[in-house]
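Below, chains carry the letters A, B, ... as their sequence lines are ordered, and counting in each starts from 1.
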Amino acid sequence: MGDWGTQFGMIIYGYKHFVDAAAYERQPVVELGRLYRLVRQLMDVQEAQSQLPVAVAKVEQLTQSSLAAREAAAVAPAGEPLKRAEKTARLAADQRRSAEAERDSWQARCEAAARDGELSARLAAHPDVETSVLRETAKLHAGDADNRRLWQTFLPSCRADIQRIYDRLHVTFDHELGESFYHERCAPVLEALQSAGMAVDSQGALCVFLDGFETPMIVRKRDGAYLYATTDLATLQYRVETWQPAAILYVVDFRQSEHFAKLFAAVRQWGYTQIDLRHISFGTVLGKDGRPYKTRSGDTVGLDGLLDEAVHKAHEVVSQNDDGKPDGPELSAEQRQHIAQVIGMAALKYADLSQNRTSDYEYSPEKMLSLQGNTATYMQYSFARVHGIFAKGNIDPQVLRQRPECLHLTSPAERSLGLALLRFAEALDDALSDYRPNQLTQYLFDLAKRFSTFFEECPVLRADTPAERDSRLMLCDLTARTIQQGLELLGIQVVQKM
RNA sequence: GCGCCCGUGGCGCAAUUGGAUAGCGCAUCGGUCUUCGGAACCGAGGGUUGCAGGUUCGAAUCCUGCCGGGCGUACCA
């Protein structure tokens, strides 16, 4: 958990220069959020200002080489050389265009900042915020009294704010140790690496050079600060000492695969050869523009808003459906609210988990909040239907479960459903073998579809014989329990009425 | 430049890791329908799996080369 990184340097810098004491007094997290965004904005503009001339020069250079490539193509002899030259020219033109686009976007940001008087004044008063922020971060890490004190007062409210989201998502931890916990363990790790001859000085930084990698894994910056890799090494050592794990899974965006490849290589060389270390990488969430999705303006705001939207939309559908009941509405306002919570969260989680873990996907609220087709709602609906039958028939499933011999599969729909039920264990194995939750979602959707067919074709309470009725009730119960168990493994709840 | 990943009906995705006629959802079209809960069911159309070779009894999957896209690449995480 990132309780120690640059984001705290940003907040500390913001607090020292821009805090609104009264606002902080009233709502600390809101004010700290504002400060974070403010500092972020200053850093972004200054990045744009420093990148602009670089981009301009790059456009100039690429324009030259593009011209040269076109001239070369004009005089190239026909055949293979011409094709090659044309391709080079095309590539050069593409590069020039994308450089121009980049230049324009830096320029637009600079101009927007220039039009904002207050922002311009701040930029003038605070040149190079990024360096200042890094300095605050370094001071925090070095034990500076002021920064430590600020960090200690900020941390609880920041942590509590994040907890709100975890609570909404029902995410809990068995152990929780932040980056800060490992800080004091970093120096001994580096000493060990140095005495093992693995870590050496290079250009002022402490580096581990590894076979098969062009660049080293840097474990201590020139300015003395530790990095991501340092904490990862200390964390691994601590975990081995404390829990003797057989395997450690790192569930992290695939863009960090090189980092983990280096980390694992270093760790094995260090002597930890018995642990199964795995980077469970996943694809990037993309915005509408196909670029990685970011909430530059804040941190958890985007997610919070999405959760609200999911619940709100589910509430609309629940209400609409309940109002349309033949005998009038059945649900209280509280029930509707609870159902909307469960269904909305489920839709979001399912949208994420039903995707192939390794592929990118586009952040699209419309799709993520859909309640039709291959969605959690479909499974939850099956579960609720079973409870509808049990309620209407006054059935106690516990009684059924005493006599499993009552199960008889005669019609094709019953047989198809029964076969799917038997495959549950197999689906779990599939999901587990390569850490792919979508194997499980796919199974559950298949099961629920078969149940729908069964439900349509096979009357349960009005079955022809008591034996058939009992058998079908049993199938219903098994289906409901399988769906409930499967969804629970995905962190998704069910409701008896919806 | 080097490295990693991706390309599957209009759109979004699967494919038991090399097996049988490539599946599903949305969308489209057509049916069911005074329901054990229609947030449903049944059916139809739509594919040369980016292109070209190769390996194999068998390729969406493995190899090679193109085309197109994404990401990473020395002190961010």
Side-chain angles (χ1 to χ4, degrees), chain A residues 2 5-7 83 87 94 130 133-134 137 179 202-207 209 212-232 252-259 261 281 283-284 286 290-292 314 317-318 320-322 324-327 330 343 351 354-356 358-362 364 366-367 370-375 377-378 380-382 384-393 395 413 423 426-427 429-431 433-434 436 438-439 441-443 445-446 448-449 451-463 469 472-473 476 497-498:
Chain A
T6 312
Q7 68 270 33
K83 271 172 74 181
K87 188 184 161 190
D94 281 353
E130 185 176 7
V133 161
L134 285 179
T137 311
E179 258 184 288
S202 171
Q203 298 177 27
L206 192 64
C207 298
F209 288 89
F213 294 95
E214 275 192 27
T215 55
M217 179 169 80
I218 299 175
V219 290
R220 193 180 60 209
K221 296 200 288 179
R222 201 177 328 188
D223 66 7
Y226 304 132
L227 297 111
Y228 189 27
T230 327
T231 312
D232 274 340
V252 184
D253 190 313
F254 83 97
R255 284 174 293 182
Q256 293 181 37
S257 49
E258 192 177 349
H259 164 72
S281 69
T284 309
L286 306 174
R291 315 288 306 170
V317 177
V318 170
Q320 190 190 333
N321 190 56
D322 194 40
K325 290 267 169 64
D327 303 327
E330 296 172 1
I343 306 243
S354 59
Q355 192 99 176
N356 182 324
T358 56
S359 52
D360 294 350
Y361 71 90
E362 188 182 312
S364 157
E366 304 83 62
K367 273 175 212 148
S370 166
L371 304 180
Q372 251 143 28
N374 185 357
T375 61
T377 312
Y378 188 84
Q380 290 170 319
Y381 185 61
S382 299
R385 279 175 140 181
V386 170
H387 274 273
I389 294 175
F390 286 173
K392 182 138 188 171
I395 308 294
R423 282 194 43 246
E426 191 185 324
D429 283 342
D430 286 347
S433 70
D434 196 28
R436 292 182 184 274
N438 69 311
Q439 298 280 2
T441 62
Q442 208 166 351
Y443 165 79
F445 183 55
D446 177 63
K449 267 196 301 188
F451 175 74
S452 285
T453 303
F454 159 81
F455 183 87
E456 204 73 21
E457 291 180 9
C458 305
V460 179
L461 294 176
R462 294 175 311 185
R469 185 180 124 120
R472 289 177 177 173
L473 282 167
C476 287
K497 281 184 171 183
M498 60 188 272

Look at the side-chain N and O atoms of [X] and state whether any lies under 4.0 Å from the OP1 or OP2 oxygen of [N].
X       : N       : value
R462(A) : rC36(B) : yes
N321(A) : rA39(B) : yes
S452(A) : rA40(B) : no
Q442(A) : rG25(B) : no
Y381(A) : rA39(B) : yes
Y378(A) : rC24(B) : no
T453(A) : rC42(B) : yes
Q203(A) : rA74(B) : no

Starting at the 5' end of RNA chain B, which residue's closest nucleotide do you reach first, D430(A) or A314(A)?
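It is D430(A) whose nearest nucleotide is closer to the 5' end.
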Which sits closer to the 5' end of RNA chain B, S257(A) or C207(A), going by the nucleotide each is nearest to?
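Upstream on the strand: S257(A).
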Taking O4'-C1'-N9-C4 for purines and O4'-C1'-N1-C2 for pyrimidines, is rU61(B) syn (within 90° of 0) or anti?
anti
Pairwise distance [atom1]([X]) to [atom2]([Y]) - rounded to 0.5 angstrom:
X       : Y       : atom1 : atom2 : result
S202(A) : R222(A) : OG    : CZ    : 9.5 Å
D232(A) : L227(A) : CG    : CG    : 10.5 Å
K367(A) : T375(A) : NZ    : OG1   : 15.0 Å
M217(A) : T230(A) : CE    : OG1   : 8.0 Å

[M] and [N], which share atom name [atom1], separated by this distance in whole Å:
N       : M       : atom1 : value
rC63(B) : rU55(B) : P     : 15 Å
rC24(B) : rU16(B) : P     : 16 Å
rG19(B) : rA60(B) : C1'   : 13 Å
rU8(B)  : rA22(B) : C1'   : 8 Å
rC57(B) : rG30(B) : P     : 50 Å
rG53(B) : rA15(B) : P     : 28 Å

Length of the [atom1]-[atom2] vector between [X] and [N], whole Å:
X       : N       : atom1 : atom2 : value
I343(A) : rG37(B) : CD1   : P     : 17 Å
K367(A) : rC13(B) : NZ    : P     : 7 Å
D446(A) : rG23(B) : CG    : C1'   : 11 Å
Y226(A) : rC76(B) : OH    : P     : 15 Å
E179(A) : rC76(B) : CD    : C1'   : 11 Å
Q256(A) : rA77(B) : CD    : P     : 10 Å
F254(A) : rC6(B)  : CZ    : P     : 10 Å

Of the candidate nucleotides [options], which contains the atom at the shortest distance from the side chain of [X]?
X       : options                   : answer
E258(A) : rC36(B), rU73(B), rG37(B) : rU73(B)
V317(A) : rC71(B), rA39(B), rC36(B) : rA39(B)
N438(A) : rU16(B), rA15(B), rU73(B) : rA15(B)
M498(A) : rC36(B), rA39(B), rC24(B) : rA39(B)

Taking atom types as modelled, find out whether Q256(A) and Y228(A) have a side-chain donor-acceptor pair closer than 3.5 angstrom.
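Yes, a side-chain donor-acceptor pair sits under 3.5 Å.
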Y378(A) and S452(A): side-chain donor and acceptor closer than 3.5 Å?
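Looking only at side-chain atoms, S452(A) and Y378(A) do form a donor-acceptor pair, the distance falling under 3.5 Å.
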Does any donor-acceptor pair link the side chain of T6(A) with the base of rA77(B) at a separation under 3.5 Å?
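Not at all, since no donor on one side and acceptor on the other fall under 3.5 Å apart.
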Look at all strands and tell whether D429(A) reaches a base, only sugar-phosphate, or nothing, counting heavy atoms closer than 4.0 Å.
nothing
Touch class at under 4.0 angstrom, heavy-atom based, for K497(A) against every strand present:
base
Is a salt bridge present between K325(A) and D322(A), judged by a nitrogen-to-oxygen distance below 4.0 Å?
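Yes, charged N to carboxylate O under 4.0 Å.
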